[in-house]
Amino acid sequence: MEEQIRNYILDLGVDDVGFACAQDYHSPKSYKITKLLPEAKSIIVLAFKPLSSCESPSMSAAQNGYLDLGSFARSASYRISRFLERNYKAKIATMPIAYPFEIHNDRKALADFSQRHAAVAAGLGSFGRHNLVIHPQFGTRVIFTSIITNLTLQPSPKGEDFCTQCNLCVENCPARALDEAGKTDIRKCLEHSQPYGLMADITFQLQQLGRSPEEQKQMLMDEQYARLRQAAHLGNQYMCFNCLKSCPIGLA
């Protein structure tokens with residue numbers, strides 16, 4: 001069964017796939033996996049290599065590459081899930097690229113499910129100094145999605161540690177969000193990488209309070225407001241990929 005599933009996934013154009021036992025998934029901050037699928041027994045993790053345009057000096061081109069990848073990843077995940085349900089009568093829960101879906105004051109900027117921890121559990125890489133997963137072939141230039149299922153699948157062999165501790169990711173982080181080993185300062189990271197995210201939108205709305213009608217009109221005509229609106233429609237827009245681009249693993 002595992003070989004049939006693997007072949008189907010790779011034939012869709014997914015770059016790599018790994019299997020993990022649900023009990024081997026340990027994410028200290030995300031929800032327990034049984035909250036997402038009570039019958040969870042296995043996780044199928046899909047690996048996608050981003051287009052080279054994702055390293056463009058143009059943030060518009062880079063962001064568009066990731067939006068394209070996200071669209072393809074969601075489509076592939078859906079087709080695989082249909083295949084599992086149709087051929088193996090499986091129950092599934094698809095976990096897309098790690099966006100937070102339930103926002104709570106005590107879980108700020110935390111996704112329901114950790115793709116990184118799932119990828120490590122499925123043998124698709126190891127954590128690096130930048131707290132991202134380093135894939136054995138693609139290095140840090142990889143995006144993961146997962147499918148939780150009640151199927152019992154043979155887990156993939158665990159990966160080795162690929163990080164060389166070169167510290168280039170730390171030195172090239174403009175927000176200094178990686179200074180403390182083993183921790184990413186989410187606030188510093190998001191303030192720099194998502195300048196048109198939720199907190200920027202709240203700040204903009206608060207700045208409008210007490211302004212005259214003419215001042216409010218000027219604010220609405222400013223490019224800051226246009227970018228906030230665009231980000232709200234397109235989804236999370238990252239304007240920094242330094243931690244991914246500076247990692248030398250997988251470039252050879």
Side-chain angles (χ1 to χ4, degrees), residues 29-30 48 50-75 95-116 129-133 140-145 168-180 183-247:
K29 294 183 179 180
S30 300
F48 301 85
L51 298 170
S52 56
S53 64
C54 289
E55 298 202 34
S56 170
S58 163
M59 283 296 102
S60 294
Q63 179 64 33
N64 190 62
Y66 279 104
L67 290 173
D68 288 342
L69 173 55
S71 178
F72 172 64
R74 291 186 73 94
S75 175
M95 296 291 108
I97 295 173
Y99 300 134
F101 278 98
E102 294 185 15
I103 299 177
H104 304 284
N105 286 335
D106 61 341
R107 299 187 73 251
K108 293 179 179 178
L110 289 178
D112 300 348
F113 178 83
S114 173
Q115 300 290 355
R116 297 176 303 135
R129 176 62 180 81
H130 41 34
N131 302 318
L132 302 173
V133 175
T140 310
R141 294 155 183 80
V142 61
I143 297 296
F144 302 102
T145 65
L168 288 175
C169 54
V170 179
E171 296 166 5
N172 284 280
C173 178
R176 310 309 306 175
L178 300 173
D179 286 356
E180 184 178 344
K183 177 183 178 181
T184 300
D185 190 317
I186 298 297
R187 182 187 60 80
K188 289 181 179 179
C189 176
L190 291 183
E191 284 180 354
H192 184 85
S193 64
Q194 290 192 32
Y196 310 111
L198 177 61
M199 293 309 299
D201 186 85
I202 293 173
T203 300
F204 182 89
Q205 301 298 334
L206 291 175
Q207 288 173 345
Q208 278 200 309
L209 298 177
R211 300 292 180 93
S212 68
E214 183 59 33
E215 289 174 325
Q216 290 184 2
K217 180 179 178 181
Q218 290 178 356
M219 290 180 68
L220 294 176
M221 297 299 293
D222 189 80
E223 69 175 25
Q224 171 76 1
Y225 178 72
R227 292 180 176 180
L228 288 169
R229 293 289 294 173
Q230 183 184 52
H233 284 291
L234 292 177
N236 290 338
Q237 287 201 299
Y238 287 86
M239 307 299 287
C240 177
F241 302 100
N242 282 26
C243 52
L244 281 75
K245 294 193 295 185
S246 61
C247 184

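This one's a predicted model, so the numbers in the text were calculated from it and none came from an experiment.
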With heavy-atom distances below 4.5 Å as the criterion, would you say the side chains of Glu180 and Asp185 are in contact?
no
Looking at every non-hydrogen atom in both residues, tell me the closest pair between His192 and Ala175 and how far apart they are.
CB-CB, 3.8 Å
Under the salt bridge (charged side-chain N to carboxylate O under 4.0 Å, His left out) rule, what pairs show up with a residue in residues 188-210, not counting sequence neighbours?
Arg187-Glu191
How close do Gly65 and Ser53 get, heavy atom to heavy atom, and via which atoms?
CA-OG, 3.9 Å
List for me each residue that meets side chain to side chain donor-acceptor pair (under 3.5 Å) alongside Asn131, sequence neighbours excluded, and say none if there are none.
Thr184
Say whether, by atom type as modelled, one donor and one acceptor occur between the side chain of Arg141 and the main chain of Cys247 under 3.5 angstrom.
yes
Kindly write out the residues that satisfy side chain to side chain donor-acceptor pair (under 3.5 Å) with Gln218, not counting sequence neighbours, or none if the list is empty.
none
Sorted by chain and number, sequence neighbours left out, side chain to side chain contact (heavy atoms under 4.5 Å, CB included) with Ala226 holds for none
Do any side-chain atoms of residues 209-216 form donor-acceptor pairs under 3.5 angstrom with protein atoms, and if so which ones, sequence neighbours left out?
from, atom 1, to, atom 2, distance (Å)
Arg211, NE, Gln207, O, 3.2
Ser212, OG, Glu215, N, 3.2
Ser212, OG, Glu215, OE1, 3.3
Glu215, OE1, Ser212, N, 3.0
Gln216, NE2, Gln208, O, 3.2
Gln216, NE2, Arg211, O, 3.3

Under 3.5 Å, is there a donor-acceptor pair between the side chain of Arg227 and the main chain of Pro195?
no
Main chain of Asn172, side chain of Asn242: is a donor-acceptor contact present, judged purely on distance under 3.5 Å?
yes
All heavy atoms of Cys243 vs all of Cys169, minimum pair found to be O-CB, 4.3 Å
Return the OG to NZ distance between Ser56 and Lys245, rounded to the nearest 0.5 Å.
7.5 Å
Where the side chain of Gln115 meets the backbone of Met95, is there a donor-acceptor pair that is under 3.5 Å apart?
yes
So ring-ring contact (aromatic ring centres under 6.0 Å, His included) across residues 198-227, not counting sequence neighbours, yields Phe204-Tyr225
Smallest heavy-atom separation, Ala111 atom then Ser30 atom, equals O-OG, 3.3 Å
For Leu190, enumerate each residue passing the side chain to side chain contact (heavy atoms under 4.5 Å, CB included) test, keeping only those at least two apart in sequence or located in another chain.
Ala109, Ile186, Ser193, Gln194
What residues, two or more places apart in sequence or in another chain, satisfy salt bridge (Lys or Arg N to Asp or Glu O under 4.0 Å) together with Glu171?
none
Check: Leu132 and Leu244 side chains under 4.5 Å, non-hydrogen atoms
yes
Applying salt bridge (Lys or Arg N to Asp or Glu O under 4.0 Å), name anything that partners Arg176, two or more places apart in sequence or on another chain.
Asp179
Taking only residues two or more places apart in sequence or in another chain, which ones pass salt bridge (Lys or Arg N to Asp or Glu O under 4.0 Å) with Arg229?
none
For the backbone of Met199 and the side chain of Thr203, can you confirm whether one donor and one acceptor N or O come within less than 3.5 Å of each other?
yes
Please list all pairs meeting salt bridge (charged side-chain N to carboxylate O under 4.0 Å, His left out) that have one or both residues in residues 60-73, counting only residues at least two apart or in different chains.
none
Please name all residues satisfying side chain to side chain contact (heavy atoms under 4.5 Å, CB included) with Cys54, sequence neighbours left out, ordered by chain then number.
Pro50, Tyr66
Distance in Å, Asp222 CG paired with Lys217 NZ, rounded so as to fall on 0.5 Å steps
14.0 Å
